[in-house]
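Here is the structure we will look at, set down as C-alpha coordinates.
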Amino acid sequence: MLAKYVRPLLSIPVAKLVEWMQGAGVTPNMVTYAGFLLTIVSAIILGTGAFRIGGFILWAAAMFDMLDGSLARATNQSSVFGAFIDSTLDRYSESVTFLAMVYYYSAVPGSRMQLVLIFIILVGSLMVSYTRARAEGLNVKVTEGWLQRPERLTLLITGLILGSYILNPILWAMAIFTNLTALQRVYEVYWRLRNEVTVKK
(Lines give C-alpha, C1' and ligand atoms only; values in the text may rest on other atoms or scores of the structure.)
Protein backbone atom coordinates (compact mmCIF):
# COMPACT_ATOMS: atom_id res chain seq x y z
CA MET A 1 0.00 0.00 0.00
CA LEU A 2 2.74 2.47 0.94
CA ALA A 3 4.80 1.38 -2.02
CA LYS A 4 1.89 2.27 -4.26
CA TYR A 5 0.95 5.67 -2.82
CA VAL A 6 3.85 7.06 -0.78
CA ARG A 7 7.00 5.99 -2.61
CA PRO A 8 6.06 7.86 -5.83
CA LEU A 9 5.85 11.08 -3.78
CA LEU A 10 9.37 10.46 -2.46
CA SER A 11 10.86 9.44 -5.79
CA ILE A 12 12.41 12.86 -6.58
CA PRO A 13 14.26 13.44 -3.26
CA VAL A 14 15.31 9.79 -3.17
CA ALA A 15 16.68 10.06 -6.72
CA LYS A 16 18.72 13.13 -5.73
CA LEU A 17 20.14 11.38 -2.68
CA VAL A 18 20.97 8.28 -4.71
CA GLU A 19 22.75 10.44 -7.28
CA TRP A 20 24.81 12.11 -4.54
CA MET A 21 25.67 8.77 -2.90
CA GLN A 22 26.66 7.30 -6.21
CA GLY A 23 29.05 10.19 -6.82
CA ALA A 24 30.48 9.88 -3.30
CA GLY A 25 31.23 6.18 -3.76
CA VAL A 26 28.73 4.99 -1.17
CA THR A 27 27.76 1.32 -1.60
CA PRO A 28 24.30 -0.18 -0.97
CA ASN A 29 25.63 -2.33 1.87
CA MET A 30 27.10 0.75 3.54
CA VAL A 31 23.64 2.32 3.46
CA THR A 32 22.10 -0.86 4.90
CA TYR A 33 24.59 -0.96 7.78
CA ALA A 34 24.18 2.75 8.47
CA GLY A 35 20.41 2.33 8.69
CA PHE A 36 20.82 -0.54 11.13
CA LEU A 37 23.20 1.47 13.31
CA LEU A 38 20.68 4.33 13.36
CA THR A 39 18.02 1.84 14.47
CA ILE A 40 20.24 0.79 17.37
CA VAL A 41 20.69 4.46 18.34
CA SER A 42 16.92 4.87 18.16
CA ALA A 43 16.42 1.79 20.34
CA ILE A 44 18.78 3.12 23.01
CA ILE A 45 16.82 6.37 23.11
CA LEU A 46 13.45 4.57 23.13
CA GLY A 47 14.65 2.54 26.09
CA THR A 48 14.94 5.76 28.10
CA GLY A 49 11.34 6.68 27.29
CA ALA A 50 12.17 9.53 24.90
CA PHE A 51 9.76 8.13 22.33
CA ARG A 52 9.46 11.27 20.20
CA ILE A 53 13.20 11.66 19.66
CA GLY A 54 13.57 7.92 19.13
CA GLY A 55 10.72 8.03 16.63
CA PHE A 56 12.41 10.71 14.54
CA ILE A 57 15.69 8.77 14.52
CA LEU A 58 13.78 5.61 13.56
CA TRP A 59 12.23 7.58 10.70
CA ALA A 60 15.73 8.51 9.48
CA ALA A 61 16.74 4.83 9.70
CA ALA A 62 13.67 3.91 7.62
CA MET A 63 14.80 6.34 4.93
CA PHE A 64 18.12 4.49 4.71
CA ASP A 65 16.15 1.28 4.29
CA MET A 66 14.48 2.78 1.23
CA LEU A 67 17.71 4.16 -0.19
CA ASP A 68 19.82 0.99 -0.22
CA GLY A 69 17.66 -0.78 -2.81
CA SER A 70 17.42 2.32 -5.00
CA LEU A 71 21.19 2.79 -4.85
CA ALA A 72 21.81 -0.89 -5.68
CA ARG A 73 19.64 -0.60 -8.79
CA ALA A 74 21.18 2.72 -9.86
CA THR A 75 24.75 1.42 -9.54
CA ASN A 76 24.07 -2.12 -10.79
CA GLN A 77 25.32 -3.48 -7.47
CA SER A 78 22.32 -5.67 -6.67
CA SER A 79 23.39 -9.01 -5.26
CA VAL A 80 21.86 -12.04 -3.61
CA PHE A 81 23.90 -11.47 -0.46
CA GLY A 82 22.89 -7.81 -0.37
CA ALA A 83 19.22 -8.78 -0.46
CA PHE A 84 19.83 -11.44 2.19
CA ILE A 85 21.66 -9.15 4.62
CA ASP A 86 19.08 -6.41 4.08
CA SER A 87 16.20 -8.74 5.00
CA THR A 88 18.13 -10.17 7.95
CA LEU A 89 18.93 -6.76 9.41
CA ASP A 90 15.30 -5.71 8.87
CA ARG A 91 14.27 -8.50 11.26
CA TYR A 92 16.92 -7.50 13.79
CA SER A 93 15.87 -3.86 13.47
CA GLU A 94 12.26 -4.62 14.36
CA SER A 95 13.33 -6.88 17.20
CA VAL A 96 15.71 -4.37 18.78
CA THR A 97 13.12 -1.60 18.48
CA PHE A 98 10.46 -3.59 20.29
CA LEU A 99 13.02 -4.84 22.83
CA ALA A 100 13.76 -1.20 23.70
CA MET A 101 10.05 -0.52 24.19
CA VAL A 102 9.72 -3.62 26.38
CA TYR A 103 12.68 -2.42 28.45
CA TYR A 104 10.98 0.93 29.01
CA TYR A 105 7.47 -0.38 29.71
CA SER A 106 8.77 -3.08 32.07
CA ALA A 107 9.73 -0.30 34.51
CA VAL A 108 6.42 1.57 34.16
CA PRO A 109 3.67 0.46 36.58
CA GLY A 110 0.41 -0.55 34.90
CA SER A 111 2.01 -1.24 31.51
CA ARG A 112 1.30 -4.97 31.33
CA MET A 113 -1.05 -4.53 28.38
CA GLN A 114 1.58 -2.67 26.33
CA LEU A 115 4.06 -5.48 27.00
CA VAL A 116 1.57 -8.11 25.83
CA LEU A 117 0.71 -6.11 22.72
CA ILE A 118 4.39 -5.64 21.82
CA PHE A 119 4.98 -9.39 22.17
CA ILE A 120 2.00 -10.14 19.90
CA ILE A 121 3.20 -7.55 17.36
CA LEU A 122 6.69 -9.04 17.31
CA VAL A 123 5.36 -12.56 16.78
CA GLY A 124 3.08 -11.33 14.00
CA SER A 125 5.86 -9.35 12.33
CA LEU A 126 8.21 -12.34 12.29
CA MET A 127 5.41 -14.59 10.98
CA VAL A 128 4.64 -12.14 8.16
CA SER A 129 8.26 -12.43 7.05
CA TYR A 130 8.46 -16.19 7.65
CA THR A 131 5.33 -17.02 5.66
CA ARG A 132 6.67 -15.14 2.66
CA ALA A 133 10.14 -16.71 2.92
CA ARG A 134 8.71 -20.21 3.36
CA ALA A 135 6.32 -19.72 0.45
CA GLU A 136 9.14 -18.57 -1.81
CA GLY A 137 11.09 -21.66 -0.75
CA LEU A 138 8.17 -23.66 -2.17
CA ASN A 139 8.24 -21.57 -5.36
CA VAL A 140 5.02 -19.79 -4.43
CA LYS A 141 5.10 -16.03 -4.89
CA VAL A 142 3.29 -14.19 -2.09
CA THR A 143 2.15 -10.65 -2.85
CA GLU A 144 -0.70 -10.07 -0.39
CA GLY A 145 -0.36 -8.30 2.94
CA TRP A 146 -2.25 -5.52 4.68
CA LEU A 147 0.47 -4.67 7.19
CA GLN A 148 3.88 -5.31 5.68
CA ARG A 149 7.07 -3.76 7.04
CA PRO A 150 6.65 -0.26 5.48
CA GLU A 151 3.14 0.02 6.92
CA ARG A 152 4.28 -1.27 10.32
CA LEU A 153 7.16 1.22 10.45
CA THR A 154 4.92 4.10 9.40
CA LEU A 155 2.34 3.31 12.08
CA LEU A 156 4.93 2.80 14.81
CA ILE A 157 6.88 5.97 13.98
CA THR A 158 3.63 7.97 13.89
CA GLY A 159 2.66 6.67 17.31
CA LEU A 160 6.08 7.31 18.81
CA ILE A 161 6.19 10.89 17.56
CA LEU A 162 2.59 11.85 18.38
CA GLY A 163 2.49 10.35 21.87
CA SER A 164 0.80 7.68 23.97
CA TYR A 165 -2.77 8.76 23.17
CA ILE A 166 -2.03 7.72 19.57
CA LEU A 167 0.59 5.05 20.29
CA ASN A 168 -1.66 2.82 22.40
CA PRO A 169 -4.39 2.45 19.74
CA ILE A 170 -1.65 1.92 17.14
CA LEU A 171 -0.19 -0.91 19.22
CA TRP A 172 -3.62 -2.54 19.32
CA ALA A 173 -4.05 -2.14 15.56
CA MET A 174 -0.58 -3.54 14.86
CA ALA A 175 -1.13 -6.50 17.18
CA ILE A 176 -4.30 -7.41 15.30
CA PHE A 177 -3.31 -6.67 11.73
CA THR A 178 0.22 -8.07 11.73
CA ASN A 179 -1.18 -11.47 12.64
CA LEU A 180 -4.08 -11.10 10.22
CA THR A 181 -1.51 -10.35 7.52
CA ALA A 182 0.34 -13.58 8.34
CA LEU A 183 -2.94 -15.51 8.14
CA GLN A 184 -3.75 -13.69 4.91
CA ARG A 185 -0.52 -15.01 3.42
CA VAL A 186 -1.22 -18.52 4.69
CA TYR A 187 -4.55 -18.42 2.89
CA GLU A 188 -2.92 -17.03 -0.27
CA VAL A 189 -0.41 -19.89 -0.34
CA TYR A 190 -3.22 -22.39 0.26
CA TRP A 191 -5.28 -20.88 -2.55
CA ARG A 192 -2.37 -20.79 -5.00
CA LEU A 193 -1.29 -24.38 -4.28
CA ARG A 194 -4.87 -25.61 -4.45
CA ASN A 195 -5.33 -23.82 -7.74
CA GLU A 196 -2.16 -25.44 -9.12
CA VAL A 197 -3.41 -28.91 -8.15
CA THR A 198 -6.76 -28.17 -9.81
CA VAL A 199 -5.04 -27.04 -13.01
CA LYS A 200 -2.81 -30.15 -13.08
CA LYS A 201 -5.82 -32.43 -12.73
Roughly how far, to the nearest 0.5 Å, is the [atom2] atom of [Y] from the [atom1] atom of [X]?
X	Y	atom1	atom2	value
Leu122	Met127	CG	CE	12.0 Å
Trp59	Phe64	CH2	CZ	10.5 Å
Phe84	Thr88	CZ	OG1	3.5 Å
Ile157	Leu153	CD1	CG	5.0 Å
Tyr187	Thr131	OH	OG1	15.5 Å
Gln114	Ile118	CD	CD1	7.5 Å

TODO: Scan residues 169-190 for pairs that pass salt bridge (charged side-chain N to carboxylate O under 4.0 Å, His left out), counting only residues two or more places apart or in two chains.
DONE: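 Only Glu188-Arg192 qualify under salt bridge (charged side-chain N to carboxylate O under 4.0 Å, His left out).
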
Ignoring hydrogens and angles, write down the donor-acceptor pairs under 3.5 Å from the side chains of residues 40-57, residues two or more places apart or on other chains.
residue: Ser42; atom: OG; partner: Gly54; partner atom: O; Å: 2.8
residue: Thr48; atom: OG1; partner: Ile45; partner atom: O; Å: 2.5
residue: Arg52; atom: NE; partner: Ile161; partner atom: O; Å: 2.8
residue: Arg52; atom: NH2; partner: Ile161; partner atom: O; Å: 3.2

Between [X] and [Y], what is the shortest heavy-atom contact and its length?
X	Y	value
Val142	Ala135	CG2-CB, 3.2 Å
Gly35	Ala61	O-CB, 3.5 Å
Gly159	Ile166	CA-CG2, 4.1 Å
Arg149	Asp90	NH1-OD1, 3.4 Å
Leu115	Ser106	CD2-N, 4.0 Å
Ala175	Ile120	O-CG2, 3.7 Å

Same cluster for [X] and [Y] if Ile/Leu/Val/Met/Phe/Trp/Tyr side chains link at under 4.5 Å?
X	Y	value
Leu117	Leu99	no
Leu126	Val123	no
Tyr165	Leu155	yes
Leu38	Tyr92	no

Hey, does the side chain of [X] reach the backbone of [Y] with a donor-acceptor pair shorter than 3.5 angstrom?
X	Y	answer
Gln184	Trp146	yes
Ser164	Leu167	no
Glu136	Ala133	no

Does the side chain of [Y] come within less than 4.5 Å of [X]'s, by heavy atoms?
X	Y	value
Met101	Leu160	yes
Val128	Arg152	yes
Met113	Trp172	yes
Asn179	Met174	no
Val116	Phe119	no

- [ ] Please check if atom OH in Tyr103 has more than 12 non-hydrogen atoms from other residues, nucleotides or ligands closer than 6.0 Å.
- [x]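 For Tyr103, atom OH is not crowded (no more than 12 foreign heavy atoms under 6.0 Å).
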
Task: Within 6.0 Å of CZ in Arg112, more than 12 heavy atoms from elsewhere - done: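 Atom CZ in Arg112 is not crowded, with 12 or fewer foreign heavy atoms closer than 6.0 Å.
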
Open item on the list: Run the ring pair (Phe, Tyr, Trp, His ring centres under 6.0 Å) test against Phe36 and tell me which residues pass, sequence neighbours left out.
Closed with: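 Result, ring pair (Phe, Tyr, Trp, His ring centres under 6.0 Å) vs Phe36: none returned.
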
Task: Trace of the side chain to side chain contact (heavy atoms under 4.5 Å, CB included) decision for Asn29 with Ile85 - done: CA-CA 8 Å; Asn29 283 349; Ile85 197 65; 4.1 Å; yes

Task: Result of checking Thr32, Val96, Thr39, Leu37 against Leu89 for side-chain contact (heavy atoms from CB on, under 4.5 Å) - done: Thr32

Task: Sole residue of Ile121, Thr154, Thr178, Ile176 in side-chain contact (heavy atoms from CB on, under 4.5 Å) with Leu147 - done: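 Among the candidates, only Thr178 passes.
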
